[in-house]
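Provided herewith is a single structure, encoded as structure tokens, for subsequent inquiry.
Order of listing sets the numbers, starting from 1, for every ligand and every atom in it. Note that the coordinates shown come from a computational prediction; the quantities given were computed from them, not determined experimentally.
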Amino acid sequence: MTGGLPMEIPGAGLPPRVRIHEVGPRDGLQNEKTVVPTEIKAEFVRRLAGAGLSTIEATSFVHPKWVPQLADAEALFPMLDGLGATLPVLVPNARGLDRAMALGARRIAVFGSATETFAARNLNRTIAESLAMFEPVVARAREAGIHVRGYLSMCFGDPWEGPVPVAQVVQVAKQLMDLGCDELSLGDTIGVATPGHVLSLLAALNEKGVRTDTIGVHFHDTYGQALANTLAALQHGVTTVDASAGGLGGCPYAKSATGNLATEDLVWMLHGLGIETGVDLGRLTATSVWMAEQLGRPSPSRTVRALSHKES
Ligand code: MG
């Protein structure tokens, strides 16, 4: 037994601290079949903040028709005042930005695609049309002093197009950053990336002037590669890693039910490497066990299962 904590043995050439961008309440719950009551969502975000997560993507101001799981954004967001965590929200377009700004959101994210097929299926637009749609959104947010994250999905593989060329991802990423985004999140939406691919994309982005300190990584564990890919990114100097508490949210476009990298699995590795996260792993695990009860099924996170084993 480890007493619930990994043995701490630092690795060489790694950052001393990583900022975890927790996506469970948004990316996680949006991809769960169950629609969670607003009060439970608010309690979930409160518990995540209580476990020490400093950035928690809280909800999405997408049209309720498209994502009924997050249709309560207007009711939820004001319930999260004063948590001491920053609470980014996803905005798909100008209307979404209006709604988010009306509630005082200080950080937003837009959601782009590196491939034409996913842009067409998810955004009903070409890549160029989606960037044109984001342009005034990012500009207006920046004018208001709002921090903007640009998600780029399908950065490694696409279920319809297959492997996605690095040069293509870099081109769209550069355009997204040139709109004025503060941060770029590289999404491995179907979880097919391997570490060499991650390193080649990061190097190619750097070559085109996208700095490592503006890049976050968003890995999915479909093929069990998320932590290997994360470690490669950390060795490259990346210090922002996306993860979802308890591994919430399968990807509807991947054949497997396994989706987002579980925050607990990430924290176990980071703390084992002596990397600071500010997260209390015990409290986080308890939160995911509680959330799994709300959803009526066990967490897919190996770390959650291992740490909660004795109680089950
Ligand atoms: Mg995801």
- Query: Does one hydrophobic cluster hold both M133 and V172, with members joined at side-chain heavy-atom distances below 4.5 Å?
  - Reply: yes
Contacts of A132 meeting side chain to side chain contact (heavy atoms under 4.5 Å, CB included) (sequence neighbours excluded), chain-then-number -> none
Applying ring-ring contact (aromatic ring centres under 6.0 Å, His included) to H197 and not counting sequence neighbours gives F156
Counting only protein N/O/S atoms, those under 2.8 Å from the Mg ion (ligand 1) total 4
Residues at least two apart in sequence or cross-chain that pass ring-ring contact (aromatic ring centres under 6.0 Å, His included) with H21, listed by chain then number, are none
inquiry  = Please tell me whether T239 and D213 have a donor and an acceptor in their side chains that are separated by less than 3.5 angstrom.
reply    = no
The side-chain contact (heavy atoms from CB on, under 4.5 Å) partner of L261 among L266, V217, D242 is L266
